[in-house]
*Asks:* 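Next up is a structure, given as structure tokens.
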Amino acid sequence: MLRTYRSLFDICRRTLATKVTPHQEALMARGLPKRAPLPNVEDIVVVASGKGGVGKSTVAVNLAVSLASLGKRVGLLDADIFGPSVPLMMNISEEPTVNEQNLMVPPVNYGVKCLSMGLLAQQGGAIIWRGPLVVSALQRLLKGAVWGPLDILIVDTPPGTGDIHLSLTQNVPITGVLLVSTPQKAALEVTLRGADMYRTLRAPILGLVENMGYAICGKCQNRMQIFNSSMESFLSKLQTRVLVSIPLDGNIMEASDAGVPLVLKEPNSEYAKQFRSLAESIVSQLQKNASNVQK
């Protein structure tokens with residue numbers, strides 16, 4: 001029996017390690033949704049990691065608000081079907097309205113259009129769905145809504161490398177992926193898997209946000225290193241660069257629970273400064289990409 005299990009393990013390992021051939025890729029593409037841009041949406045940026053608990057939603061929310069403060073037309077899609085947190089963090093509770101074309105009209109707060117399963121499901125109720133329903137819900141949030149006109153749609157993704165991520169890349173052209181990770185080895189190893197997945201799906205990596213890597217002393221304003229960072233040893237594996245390092249701020253939880261992004265609550269903080277830098281970096285990269293496409 002043990003020998004049988006080992007044989008099965010070896011077969012699975014060889015199968016998973018094998019590159020997908022063009023013929024296999026063609027077979028897998030049958031029946032998949034046609035990839036098409038969202039009407040009047042210039043760029044789609046996915047915030048991802050693979051690892052849970054690293055602050056993807058916090059980064060997505062504060063980045064969206066920071067981009068809006070730069071004058072950009074911004075949307076925020078909460079693609080975490082099972083654990084939506086954007087409604088709370090963006091202080092939005094009303095259901096989206098529906099227009100004459102049966103398309104949802106995302107509610108707006110802080111200058112950002114927002115849509116989430118948390119606005120459609122019963123508050124506090126668990127969403128107990130299998131994969132096909134999850135994919136269908138994502139397609140409805142993506143293509144069943146009036147997102148445009150937008151300069152940037154930020155998509156906050158759940159942990160993992162499964163249905164949601166695959167469906168995103170199959171449904172719409174992704175301009176770039178923003179990775180988020182804490183500096184610990186356990187988180188970076190999973191983030192590496194997430195980066196590999198998106199590269200396999202031909203989605204460009206814009207860069208990495210190092211989250212919760214240090215803190216700022218409230219009295220002397222000096223930077224305090226909290227953890228021993230493993231970031232440097234992983235950057236070559238990730239094949240990208242750190243765009244910004246976001247500090248751990250004791251007011252994050254209070255601001256998120258109150259539905260006020262910290263970049264708005266404390267606009268002069270180091271936290272807000274780093275997010276402004278991140279927003280400017282993203283805008284610069286998207287402009288550069290657009291220029292290269294025009295050439």
Side-chain angles (χ1 to χ4, degrees), residues 41 43-49 51-94 96 106-120 138 141-142 145 147 150-159 164 168 176-182 206-212 243-283:
V41 175
D43 291 295
I44 299 176
V45 174
V46 171
V47 178
S49 173
K51 185 78 173 67
V54 296
K56 290 186 297 296
S57 296
T58 303
V59 168
V61 164
N62 283 277
L63 172 60
V65 173
S66 297
L67 287 166
S69 70
L70 295 179
K72 297 298 178 181
R73 298 169 298 179
V74 184
L76 176 58
L77 169 59
D78 186 354
D80 193 340
I81 304 299
F82 295 111
S85 55
V86 165
L88 173 64
M89 300 172 79
M90 289 292 290
N91 195 25
I92 293 178
S93 57
E94 67 270 21
V108 180
N109 199 15
Y110 307 125
V112 177
K113 294 182 179 180
C114 298
L115 206 51
S116 168
M117 198 65 203
L119 300 174
L120 304 174
L138 178 64
L141 292 171
L142 263 177
W147 283 110
L150 287 183
D151 296 310
I152 305 171
L153 175 63
I154 301 293
V155 183
D156 177 28
T157 61
I164 292 294
L168 273 172
V177 178
L178 180 64
L179 300 173
V180 180
S181 182
T182 54
L206 297 175
L208 175 73
V209 173
E210 181 187 47
N211 198 22
M212 298 182 277
L243 298 179
V244 292
S245 185
I246 305 294
L248 177 63
D249 192 302
N251 296 312
I252 293 174
M253 185 177 69
E254 180 184 346
S256 297
D257 289 350
V260 182
L262 195 57
V263 294
L264 294 180
K265 186 176 181 181
E266 298 184 6
N268 298 319
S269 64
E270 177 67 17
Y271 191 87
K273 177 183 176 182
Q274 292 298 324
F275 269 104
R276 280 194 295 272
S277 176
L278 176 62
E280 290 167 356
S281 176
I282 295 297
V283 169

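When a residue number appears, it is its place in the shown sequence, counting from 1. Nothing here was measured: the structure is a model prediction, and the numbers come from that model.
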*Asks:* Is Arg276 reaching over with its side chain to a backbone N or O of Pro267, donor-acceptor style, under 3.5 angstrom?
*Replies:* yes
*Asks:* Can you give me the closest heavy-atom contact between Val65 and Val263, atom names plus distance?
*Replies:* CG1-CG2, 3.9 Å
*Asks:* How long is the span from the CG atom in Leu67 to the CD1 atom in Ile154, to the nearest 0.5 Å?
*Replies:* 5.5 Å
*Asks:* For Phe275 and Val59, work out which heavy atoms get closest and say how close.
*Replies:* CE2-O, 3.6 Å
*Asks:* Could you walk me through whether Leu278 and Leu178 pass the side chain to side chain contact (heavy atoms under 4.5 Å, CB included) test, one step at a time?
*Replies:* CA-CA 10 Å; Leu278 176 62; Leu178 180 64; 4.2 Å; yes
*Asks:* With rounding to the nearest 0.5 angstrom, report the CE to OG distance, Met90 to Ser57.
*Replies:* 12.0 Å
*Asks:* Check whether any side-chain heavy atom of Pro158 lies under 4.5 Å from a side-chain heavy atom of Phe82, and answer yes or no.
*Replies:* no
*Asks:* For the CD atom of Glu210 and the CG atom of Leu179, what is their distance to the nearest 0.5 Å?
*Replies:* 13.0 Å
*Asks:* Measuring from atom CD1 of Ile92 to atom CG of Leu115, what distance do you get when rounded to the nearest 0.5 angstrom?
*Replies:* 9.5 Å
*Asks:* Quick one: closest heavy-atom pair of Asp249 and Asn251, and the distance?
*Replies:* OD1-N, 2.8 Å
*Asks:* How long is the straight-line distance from SG of Cys114 back to CD of Glu94, given to the nearest 0.5 Å?
*Replies:* 9.5 Å
*Asks:* Please confirm whether the backbone N or O of Ser66 pairs with a side-chain atom of Ser69, one donor and one acceptor, at under 3.5 Å?
*Replies:* yes
*Asks:* Give the minimum heavy-atom separation between Leu138 and Ala79, together with the two atoms involved.
*Replies:* CD1-CB, 4.0 Å
*Asks:* Atom CG in Asp156, atom OG1 in Thr58: separation rounded to 0.5 Å?
*Replies:* 9.0 Å
*Asks:* Is there a donor-acceptor contact under 3.5 Å from the side chain of Asp78 to the main chain of Pro84?
*Replies:* no
*Asks:* Give a yes or no on whether the backbone of Val47 and the side-chain of Thr157 come within a donor-acceptor separation of less than 3.5 Å.
*Replies:* yes
*Asks:* Taking the side chain as everything from C-beta on, heavy atoms only, tell me whether Trp147 gets closer than 4.5 Å to Leu77.
*Replies:* yes
*Asks:* Would you indicate whether the side-chain heavy atoms of Lys56 and Pro159 approach each other to under 4.5 Å?
*Replies:* yes
*Asks:* Tell me, do Ile282 and Asp43 make a side-chain contact under 4.5 Å, heavy atoms counted?
*Replies:* no
*Asks:* Could you give me the CA-CA distance, side-chain angles and deciding distance for Val54 and Asn211, then say whether side chain to side chain contact (heavy atoms under 4.5 Å, CB included) is met?
*Replies:* CA-CA 7 Å; Val54 296; Asn211 198 22; 5.8 Å; no
*Asks:* Verify side chain to side chain contact (heavy atoms under 4.5 Å, CB included) between Asp151 and Val74, making sure each step is shown before the conclusion.
*Replies:* CA-CA 6 Å; Asp151 296 310; Val74 184; over 6 Å; no
*Asks:* Which heavy atom of Ile252 sits nearest to which heavy atom of Pro247, and what is that distance?
*Replies:* CD1-O, 4.3 Å
*Asks:* Using side-chain heavy atoms (C-beta onward) and a distance below 4.5 Å, is Val209 in contact with Leu63?
*Replies:* no
*Asks:* Is a donor on one side and an acceptor on the other found under 3.5 Å between the side chain of Ser49 and the backbone of Val180?
*Replies:* yes
*Asks:* Is the shortest side-chain heavy-atom distance between Ile164 and Asp80 below 4.5 Å?
*Replies:* no
*Asks:* Any side-chain heavy atom of Leu119 sitting closer than 4.5 Å to one from Pro107?
*Replies:* yes
*Asks:* How close do Asn91 and Gly259 get, counting heavy atoms only, and between which atoms?
*Replies:* CB-O, 3.3 Å
*Asks:* Kindly determine whether Leu141 and Leu120 satisfy side chain to side chain contact (heavy atoms under 4.5 Å, CB included), including the steps that lead there.
*Replies:* CA-CA 10 Å; Leu141 292 171; Leu120 304 174; 3.9 Å; yes
*Asks:* Quick one, Met89 and Asn62 - any side-chain contact, counting heavy atoms below 4.5 Å?
*Replies:* no
